[in-house]
Engineer: 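Here it is, the structure, as structure tokens.
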Amino acid sequence: MPEHGSRTTRGSEAPLIRQSRTSEPGPATAPAAPARTAQRRTGLLVTLVLGGLTAVPPLSMDMYLPALPEVTRSLHTSAATAQLTLTACLTGMALGQLVVGPMSDKWGRRRPLLIGLLIYILATAICAFAPTVELLVGFRLLQGLAGAAGIVIARAVVRDLYDGVEMARFFSTLMLISGVAPVVAPLIGGQVLRLTDWHGIFAVLTVIGIVLTAVVWRSLPETLAPQKRHSGGTVEALRTMKSLLADRVFTGYMIAGGFAFAALFAYISASPFVIQEIYGASPQTFSLLFGVNSVGLIVVGQINGKLLVGRVSLDKALAFGLTVIVLAATALLLMTSGVFGDVGLFPVAAGLFVLMSAMGLAMPNTNALALMRTPHAAGSASALLGTSSFLVGAIASPLVGIAGEATAVPMAVVQLACGLAAIGCFVGLCRPWQHSARPTREGTDH
């Protein structure tokens with residue numbers, strides 16, 4: 001069976017456009033190789049900047065998590081309504097990517113990114129002074145719309161610079177850098193709540209946005225050459241997205257990744273109430289447990305990037321990660337429903353740790369496998385990947401609170417359903433046994 005990086009085009013099983021070291025460069029691609037190599041050599045600083053951009057979602061959501069019960073009391077609302085502030089931010093990040101992705105394919109990466117970051121700063125500052133939950137939900141939506149620029153463009157920049165094994169490894173490196181955000185964000189949020197109320201968390205996020213914008217302005221080069229940009233408008237962008245969705249394998253990885261992310265976000269939105277309200281932990285204890293779970297995700301992500309990529313098929317690593325997610329969610333459902341009696345906080349925390357750690361296999365590999373098929377429209381492909389994940393996550397968020405604050409069963413049910421749906425899409429649409437999804441060094445574009 002031919003390897004992924006060099007197989008011939010054959011229906012929907014072949015990538016839309018492939019790049020290979022063995023292929024002869026055409027007139028348009030030959031001059032781009034030295035520029036791409038030079039951009040990669042910008043090194044650690046650009047890697048840190050891209051990691052910072054992908055950290056925008058966990059910073060915007062996770063730093064706020066310890067304050068959710070306080071927001072509920074302060075604004076005199078219900079837990080389900082307070083969780084809508086998370087849903088609004090997530091929905092904004094989903095829809096914003098559909099706009100920013102095609103914009104970055106047309107105008108380059110830097111301009112849409114800087115505009116998005118400036119709007120993010122403004123929206124976050126207004127959230128800090130929101131007097132009602134309705135106003136907070138509205139500006140959390142705008143915050144998400146603007147914050148989408150960092151997510152989608154960071155992925156597109158990686159696709160501009162890397163392919164094959166290198167791209168899969170770089171996504172794991174980004175997970176190491178951006179994974180620090182889920183570790184420190186709840187810890188910072190918990191400490192901010194010691195000094196002030198939930199409004200102060202948005203003040204800190206505003207300062208972080210200002211610093212990140214300044215670093216991007218000074219240090220992130222343009223990675224999309226003018227000759228590679230799309231000149232069309234909305235119609236061409238929609239046509240490009242339609243062609244991407246017509247690729248069954250790309251769509252399979254996209255939806256599988258979306259459901260895996262939804263299982264993760266069910267944990268993110270429900271865990272403040274589960275850990276603090278049901279099991280009686282303090283905001284600081286919750287922050288510590290959340291940080292430990294994030295460390296698990298980072299460690300497994302690095303095992304994926306450093307040990308598995310290049311040695312094990314990405315499809316096999318992804319299948320294993322999705323299987324572990326389902327098993328962990330099943331264990332959580334049994335524990336939270338009382339099958340084993342009153343198990344206490346520690347076993348539930350252990351189940352959540354296993355589920356979070358498995359995301360280190362699911363998330364980077366779905367991104368890499370999908371983007372390997374779309375070198376000609378990285379921005380649009382990145383937008384579809386992000387939008388599907390965030391929309392499904394936004395739907396999962398209010399479902400975990402549908403039975404109130406006294407039970408963790410809805411969280412486990414949503415996680416199990418999402419895990420099973422992810423496996424169904426992976427098997428039914430990607431059909432990895434029909435093609436080689438293992439990127440080889442021969443198929444890597446250097």
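One-based numbering along the sequence shown. Note that the structure is a prediction, hence the values are computed from the model and not measured.
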Engineer: Return yes if some donor-acceptor pair links the side-chain N/O of Thr330 with the main-chain N/O of Val326 below 3.5 Å, else return no.
Structural biologist: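 Side chain of Thr330 to backbone of Val326, a donor-acceptor pair under 3.5 Å: yes, one is there.
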Engineer: Taking atom types as modelled and ignoring hydrogens, do the side chains of Ser60 and Tyr120 form a donor-acceptor contact shorter than 3.5 angstrom?
Structural biologist: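 A pair is found: one side chain offers a donor N or O, the other an acceptor, under 3.5 Å apart.
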Engineer: Please report the C-alpha distance between Leu68 and Thr85 in whole Å, then the side-chain angles of each, then the deciding distance to 0.1 Å, and finally whether the side-chain contact (heavy atoms from CB on, under 4.5 Å) criterion is met.
Structural biologist: CA-CA 9 Å; Leu68 264 181; Thr85 61; 4.1 Å; yes
Engineer: Any donor-acceptor pair under 3.5 Å linking the side chain of Thr54 with the backbone of Leu50?
Structural biologist: yes
Engineer: Does OH belonging to Tyr279 count more than 12 external heavy atoms closer than 6.0 Å?
Structural biologist: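 Yes, OH of Tyr279 has more than 12 neighbouring heavy atoms, counting only those of other groups under 6.0 Å.
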Engineer: Is the closest side-chain heavy-atom distance between His199 and Phe129 below 4.5 Å?
Structural biologist: no
Engineer: Pick one: which of Leu318, Thr323, Val324 meets side-chain contact (heavy atoms from CB on, under 4.5 Å) with Phe320?
Structural biologist: Val324
Engineer: How many angstroms lie between CG in Leu308 and CG in Asn365, if you round to the nearest 0.5 Å?
Structural biologist: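 Going from the CG atom of Leu308 to the CG atom of Asn365 covers 8.0 Å.
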Engineer: Taking the side chain as C-beta and beyond, is there a heavy-atom pair between Thr91 and Leu145 under 4.5 Å?
Structural biologist: no
Engineer: Ignoring hydrogens, what is the shortest heavy-atom contact between Gly252 and Cys430? Give both atom names and the distance.
Structural biologist: C-SG, 3.4 Å
Engineer: Taking all atoms of both residues into account, what is the closest heavy-atom pair of Ala281 and Leu345, and its distance?
Structural biologist: CB-CD2, 4.5 Å
Engineer: What I'd like to find out is whether the side chain of Phe261 reaches to under 4.5 Å of the side chain of Val392, using heavy atoms alone.
Structural biologist: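 Sidechains of Val392 and Phe261: no contact.
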Engineer: Looking only at atom types and distance, does a side-chain atom of Thr196 sit under 3.5 Å from a main-chain N or O of Val192, one as donor and one as acceptor?
Structural biologist: no
Engineer: So which heavy atom on Ala422 is nearest to which on Leu322, and how close?
Structural biologist: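 Where Ala422 meets Leu322 most closely, the heavy atoms are CB-CD2, 3.9 Å.
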Engineer: Run Val56 and Leu212 through side-chain contact (heavy atoms from CB on, under 4.5 Å) and show every step you take.
Structural biologist: CA-CA 9 Å; Val56 169; Leu212 184 58; 3.8 Å; yes
Engineer: Under a 3.5 Å threshold, yes or no: a donor from one side chain and an acceptor from the other, between Arg109 and Ser104?
Structural biologist: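 Side-chain D/A pair, Arg109 to Ser104: present.
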Engineer: When rounded to the nearest 0.5 angstrom, what is the spacing between CD1 in Ile303 and CD1 in Ile298?
Structural biologist: 12.5 Å
Engineer: How long is the span from the CG atom in Leu75 to the CD atom in Glu70, to the nearest 0.5 Å?
Structural biologist: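 Reported value, rounded in 0.5 Å steps: 9.5 Å.
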Engineer: What heavy-atom pair brings Gln143 and Thr124 nearest, and what distance separates the two atoms?
Structural biologist: NE2-OG1, 3.0 Å
Engineer: Measure from the side-chain N and O atoms of Arg155 to the backbone N and O of Val152, and report whether any donor-acceptor pair falls under 3.5 Å.
Structural biologist: no
Engineer: Mind checking whether Phe202 and Trp198 have parallel, tilted or perpendicular rings, split at 30° and 60°?
Structural biologist: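 Perpendicular: the ring planes of Phe202 and Trp198 meet at over 60°.
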Engineer: Any non-hydrogen side-chain atom of Ile208 less than 4.5 Å from a side-chain atom of Met63?
Structural biologist: yes
Engineer: Determine, step by step, whether Val99 and Met103 satisfy the side-chain contact (heavy atoms from CB on, under 4.5 Å) criterion, reporting the C-alpha distance in whole Å, the side-chain angles of both residues, the deciding distance to 0.1 Å, and the verdict.
Structural biologist: CA-CA 6 Å; Val99 177; Met103 284 173 58; 3.6 Å; yes
Engineer: Could you check whether any side-chain heavy atom of Leu136 comes within less than 4.5 Å of a side-chain heavy atom of Val71, counting everything from C-beta outward?
Structural biologist: yes
Engineer: I'd like to check Ser78 versus Thr81 (side-chain heavy atoms, cut-off strictly below 4.5 Å). Are they in contact?
Structural biologist: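 In contact.
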Engineer: Please report the shortest heavy-atom distance between Pro112 and Val100, naming the atom on each side.
Structural biologist: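 For Pro112 versus Val100, the nearest heavy atoms are CB-CG1, 4.3 Å.
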Engineer: Compare all side-chain heavy atoms of Leu420 with those of Phe259 and state whether any distance is below 4.5 angstrom.
Structural biologist: no
Engineer: Establish, from distance only, whether the side-chain atoms of Asn367 and Tyr253 form a donor-acceptor pair under 3.5 Å.
Structural biologist: no
Engineer: Establish, from distance only, whether the side-chain atoms of Gln97 and Thr387 form a donor-acceptor pair under 3.5 Å.
Structural biologist: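 No - no donor-acceptor pair under 3.5 Å links their side chains.
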Engineer: Show your reasoning for whether side-chain contact (heavy atoms from CB on, under 4.5 Å) applies to Gln191 and Leu195.
Structural biologist: CA-CA 7 Å; Gln191 296 307 311; Leu195 303 174; over 6 Å; no
Engineer: Can you measure from CZ (Arg140) to CE (Met93) and round to the nearest 0.5 angstrom?
Structural biologist: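 Output value for this atom pair is 7.5 Å.
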Engineer: As an exercise, state the distance from CG of Leu327 to CG of Leu332, rounded to the nearest 0.5 Å.
Structural biologist: 11.0 Å
Engineer: Would you say that Ile151 contacts Leu53 through its side chain, given a criterion of any heavy-atom pair below 4.5 Å between the two side chains?
Structural biologist: no
Engineer: Return the CG to CG distance between Asn304 and Leu307, rounded to the nearest 0.5 Å.
Structural biologist: 9.0 Å
Engineer: If you look at every heavy atom in Ala146 and Gly116, which pair is closest and at what distance?
Structural biologist: CB-O, 3.2 Å
Engineer: When you measure from the centre of the six-membered ring of Trp217, is the NZ or CZ of Arg110 under 6.0 Å away and within 45° of the axis?
Structural biologist: yes
Engineer: Do side-chain atoms of Ser219 reach the backbone of Val216 as a donor and acceptor pair under 3.5 angstrom?
Structural biologist: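 No.
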